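Structure, as structure tokens:
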Amino acid sequence: MVQTNILIIDDEEDMRHLAEMYLENSGFHCYLASSGQEGYEVLNHKKIDLIILDIMMPDENGFQVCARIREKYNIPIIFLSAKGEEWDKVKGFQLGGDDYIVKPFSPGEMIARIQAVLRRAGLTSNETQSRVQLGEIVIERMARTVMVADTMVALTLKEYELLLFFADHYAQALSREQLLENIWGMDYIGSLRTVDTHIKTLRMKLGVADYIQTVWGIGYKFEVQAK
């Protein structure tokens, strides 16, 4: 199996090693750099599949580093920053960033966003495709099993499909109509209450009800809350 290599560029040593721990626990291989210059050196000598790039760094900031990387490489880049203003996100995307994570972040959010970017880039490894980890929840696609805190959870087919759909649309607000159409099909003649009923039982079985959040006036979203 080909391993996915991720380059973490961040001037904060604790943050580099925290991100490395999250990623290597999920099966990725990491290279670390404390500056843009160190990051360029890694890129020149190693095959990198995705870059986690901090914005607030001395010498060159993340935006400048991204611009230089884009002159030579088309590797997916996820910005990492304590700044969550819309202007910063827009600038990051304009420079060629693929996603943006705001500190502090949870392990589940980081892994889910990396998996989503890799899928869009067509770089997802077999392991990443078959195994999804979101907080305490681990979904094994090939085996169609779900573990919560190392304990197997028995889900019905629709509950499993709902959870997988949430995982593939991490942190997105999904309407009841979207869920009904994608899980039950366009020809389903039941009511939207079917979605609410299945969400209720799924929450109970997972035992982590705050992962599936109600978005008032819209529907639901799945997101691992930072602790």
Side-chain angles (χ1 to χ4, degrees), residues 1-83 88-89 91-135 138-142 167-168 170-171 224:
M1 182 183 301
V2 178
Q3 194 167 38
T4 301
N5 294 324
I6 297 181
L7 171 61
I8 302 168
I9 306 176
D10 194 315
D11 65 312
E12 296 182 30
E13 183 177 3
D14 289 346
M15 184 58 67
R16 288 197 305 274
H17 289 295
L18 181 64
E20 178 186 29
M21 179 183 69
Y22 290 166
L23 299 180
E24 296 205 338
N25 284 344
S26 295
F28 298 103
H29 178 71
C30 296
Y31 293 96
L32 307 183
S34 61
S35 66
Q37 187 57 45
E38 285 188 13
Y40 305 138
E41 292 297 320
V42 175
L43 286 171
N44 288 332
H45 296 91
K46 303 293 182 181
K47 178 185 178 298
I48 300 298
D49 300 299
L50 183 139
I51 300 169
I52 302 292
L53 176 59
D54 185 39
I55 291 177
M56 302 298 291
M57 295 189 296
D59 300 325
E60 284 184 295
N61 64 41
F63 294 140
Q64 294 169 316
V65 174
C66 177
R68 284 187 61 184
I69 290 174
R70 282 287 173 261
E71 292 176 359
K72 187 175 180 181
Y73 301 99
N74 193 32
I75 299 168
I77 295 173
I78 298 179
F79 283 110
L80 183 64
S81 177
K83 299 175 66 177
D88 291 298
K89 295 181 180 181
K91 183 175 181 180
F93 290 130
Q94 288 176 337
L95 288 170
D98 296 273
D99 206 345
Y100 194 110
I101 301 176
V102 178
K103 302 175 185 177
F105 53 85
S106 68
E109 178 185 5
M110 171 170 272
I111 299 306
R113 289 185 179 277
I114 287 172
Q115 290 172 337
V117 170
L118 289 172
R119 281 196 298 270
R120 292 198 298 268
L123 296 171
T124 311
S125 67
N126 291 336
E127 180 175 348
T128 305
Q129 284 180 327
S130 64
R131 188 174 191 267
V132 179
Q133 182 165 358
L134 300 165
V138 177
I139 306 169
E140 297 286 357
R141 292 178 187 265
M142 299 300 291
D168 288 338
Y170 183 83
V224 178

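The structure presented is a predicted model; accordingly, all values stated were derived computationally and were not measured.
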Which pair of non-hydrogen atoms, one from [X] and one from [Y], has the smallest distance, and what is that distance?
| X | Y | answer |
| --- | --- | --- |
| Ser81 | Ile55 | CB-CD1, 3.7 Å |
| Val65 | Gly36 | CG2-CA, 3.7 Å |
| Cys30 | Leu23 | SG-CB, 3.6 Å |
| Gln64 | Asp59 | OE1-O, 3.8 Å |
| Ile75 | Ile48 | CD1-O, 3.7 Å |
| Gly39 | Ala33 | N-CB, 3.5 Å |

Report the C-alpha distance between Ile51 and Leu43 in whole Å, list the side-chain angles of each, state the deciding distance to 0.1 Å, and finish with yes or no for side chain to side chain contact (heavy atoms under 4.5 Å, CB included). CA-CA 10 Å; Ile51 300 169; Leu43 286 171; 4.0 Å; yes
What side-chain donor-acceptor pairs closer than 3.5 Å can you find for residues 9-16, not counting sequence neighbours?
unit_1	atom_1	unit_2	atom_2	d
Asp10	OD1	Glu12	N	2.8
Arg16	NH1	Asp10	O	2.7

According to the ring pair (Phe, Tyr, Trp, His ring centres under 6.0 Å) rule, which pairs have a member within residues 52-82, sequence neighbours left out?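 Counting only pairs at least two positions apart or across chains, the ring pair (Phe, Tyr, Trp, His ring centres under 6.0 Å) contacts touching residues 52-82 are Phe63-Phe79.
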In chain order, what residues pass the side chain to side chain donor-acceptor pair (under 3.5 Å) check against Glu24, with sequence neighbours excluded?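 Partners of Glu24 under the side chain to side chain donor-acceptor pair (under 3.5 Å) test: none.
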Applying salt bridge (Lys or Arg N to Asp or Glu O under 4.0 Å), which residue pairs with at least one partner in residues 70-82 are found, sequence neighbours left out?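 Sorted pair list: Arg70-Asp98.
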Sequence-distant partners of Gln37, side chain to side chain contact (heavy atoms under 4.5 Å, CB included), two or more places apart: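 Result, side chain to side chain contact (heavy atoms under 4.5 Å, CB included) vs Gln37: Ser35, Tyr40, Glu41, Arg68.
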Could I get the full list of ring-ring contact (aromatic ring centres under 6.0 Å, His included) partners for His17, not counting sequence neighbours?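 Counting only residues at least two positions away or on another chain, His17 forms no ring-ring contact (aromatic ring centres under 6.0 Å, His included).
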Donor-acceptor contact below 3.5 Å, side chain Asp49 vs main chain Asn5: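 It does hold such a pair.
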Side chain to side chain contact (heavy atoms under 4.5 Å, CB included) between Tyr22 and Ile114, intermediate numbers included: CA-CA 11 Å; Tyr22 290 166; Ile114 287 172; over 6 Å; no
